[in-house]
Amino acid sequence: MRCLLWPMQSTPLILLMILASVLVGAAGATSPLVALAAAVLVLGLFNGSNAGQAVAEAMLTLREERAPAKPALSAAVYRARAQMVAFIVNATRGSPAASVMGVPELLSALNDVASFSSERITTYTFLLIFYVLLVAWCIAWPTCGRRGWPSAGVPMLDMLSRFLPEFLSGLAVNFRLPFAPCWVACCWARRWRPHGFATALPRHRRPGASRCCAPCPRLS
Amino acid sequence: MFFLVNVVPATVSIGHWQIGMTPWLAVVLSLTLYAAAYVSDHAVEAMRQLRSGSPVAAMLFVMGLVRAFFVMVLSSGFGAAVGVVEATTITLRAIETLPKVSDRLLLIGLVIVIFTVCFQLIYHVINHWRGKLNQRFHRPVQAARLEGVEQP
């Protein structure tokens with residue numbers, strides 16, 4: 001197992017992709033679907049080996065702390081949650097590397113478009129927004145509603161409705177980007193959040209509010 | 001990285017400073033964002049564990065930093081896409097010149113062995129130090145805890 005774990009943790013992702021493409025090519029399978037499957041496998045092994053090792057280390061510390069008892073795997077995963085999320089993000093942002101193997105992928109396709117298009121700024125800003133949203137969704141999807149994880153207790157639609165207009169209007173104002181989506185988002189943000197984004201938060205999470213909505217029996 | 005190289009102007013002025021947006025700087029800045037997010041998330045988690053009385057779990061922060069360093073170094077290979085020359089770029093150029101598949105596989109295998117030996121050596125040295133620190137600071141605490149459990 002370590003023979004697979006160590007090289008996967010220590011080799012650049014691009015090189016692993018090249019290795020997979022050479023092997024796939026040598027096997028005679030050249031369809032985009034096979035390349036996609038190989039890319040998913042390589043990305044999964046690269047990030048999974050690191051995240052798995054983080055969970056294993058967390059399990060060792062749990063065994064040390066709760067010496068006679070046998071800790072559950074879920075407790076180790078919970079302890080290593082920061083690294084799990086970090087490697088989910090790393091896998092998402094590493095997905096453009098699959099284009100090395102000939103997988104049809106958005107970044108490489110838009111790079112080709114941008115090479116002969118005059119709208120370079122728009123193209124790359126669109127790409128930046130797309131990948132930021134993709135990473136935000138990849139963090140929010142597995143962790144929403146799980147206690148102790150990032151974005152726990154925040155419904156996803158509520159989180160996106162707060163994040164998206166703020167991000168787009170910030171882009172529009174700071175970079176003076178003259179394209180429609182930013183302005184639409186600005187207008188939408190002003191219309192639906194007239195008292196600022198704090199109103200989108202649950203009552204007990206608003207700034208200045210106490211932790212409990214009802215009078216706390218212990219305090220009273 | 002692509003955004004910084006293609007959208008940000010070639011020279012950015014901050015006060016009196018003139019900064020040229022080179023491919024190297026773009027790679028460094030794009031990796032910095034990820035590293036900052038990773039380290040801050042992990043530091044918060046370590047502090048939380050330390051406050052809850054688990055120094056062993058807080059020490060996992062060190063191994064997290066080592067892993068962040070690995071990811072940073074290995075991700076710098078993406079710089080090949082914007083013309084940064086480093087180990088991955090040179091390997092890719094050498095692979096292109098080789099005609100046979102067996103030669104290519106041999107070269108990739110050798111590079112993987114070199115990377116693996118270097119990184120795993122670093123990892124195991126630091127993990128050994130972490131184990132020593134754990135023994136020094138945690139074992140007395142654990143022994144006291146176990147004695148406290150046994151006495152009543």
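Below, chains carry the letters A, B, ... as their sequence lines are ordered, and counting in each starts from 1.
The CE atom of B/Met59 lies 11.5 Å from the OG1 atom of A/Thr61; values are rounded to the nearest 0.5 Å. Taken to the nearest 0.5 Å, the CE atom of A/Met8 stands 7.5 Å off from the CD1 atom of B/Ile112. Between the OG1 atom of A/Thr11 and the CD1 atom of B/Ile114 there is a distance of 11.0 Å, given to the nearest 0.5 Å.
Contact annotation for residues 31-51 of chain A against chain B (heavy-atom separation below 4.5 Å, listed by residue number): A/Phe46, A/Asn50. Residues of residues 88-97 of chain B having a heavy atom under 4.5 Å from any heavy atom of chain A, listed by number: B/Thr88, B/Thr91, B/Leu92, B/Ile95. For residues 89-96 of chain A, the interface with chain B (any heavy-atom pair closer than 4.5 Å) comprises A/Val89, A/Asn90, A/Arg93, A/Gly94, sorted by residue number.
Taking the side chain as every heavy atom from C-beta outward, A/Gln9 and B/Gln120 approach each other to under 4.5 Å. Side-chain atoms of A/Gln53 and B/Arg67, non-hydrogen and from C-beta on, do get closer than 4.5 Å to each other. Residues B/Leu74 and A/Leu13 have side chains not in contact (no heavy-atom distance under 4.5 Å, counting atoms from C-beta outward).
In this view, B/Gln49 and B/Glu45 satisfy the side chain to side chain donor-acceptor pair (under 3.5 Å) rule, not counting sequence neighbours.
Taking each heavy atom of B/Tyr38 and A/Phe87 in turn, the nearest pair found is OH-CE1, 4.1 Å. The heavy-atom pair separating B/Phe119 from A/Ser10 by the smallest distance is CD1-O, 3.4 Å.
For A/Ala26, the part sitting under 4.5 Å from any heavy atom of chain B is the side chain, from C-beta outward, and nothing else. Proximity to chain A is limited to the side chain of B/Leu105, based on heavy atoms less than 4.5 angstrom apart. Neither the backbone nor the side chain of A/Leu127 comes within contact range of chain B; no heavy atom of the residue lies under 4.5 Å from a heavy atom of that chain. Contact annotation for A/Leu60: neither backbone nor side-chain heavy atoms come within less than 4.5 Å of a heavy atom of chain B. Looking at B/Ser75, only its side chain comes within 4.5 Å of chain A, counting heavy atoms on both sides.
The environment of B/His124 atom NE2 is dense: over 12 non-hydrogen atoms of other residues, nucleotides or ligands sit within 6.0 angstrom.
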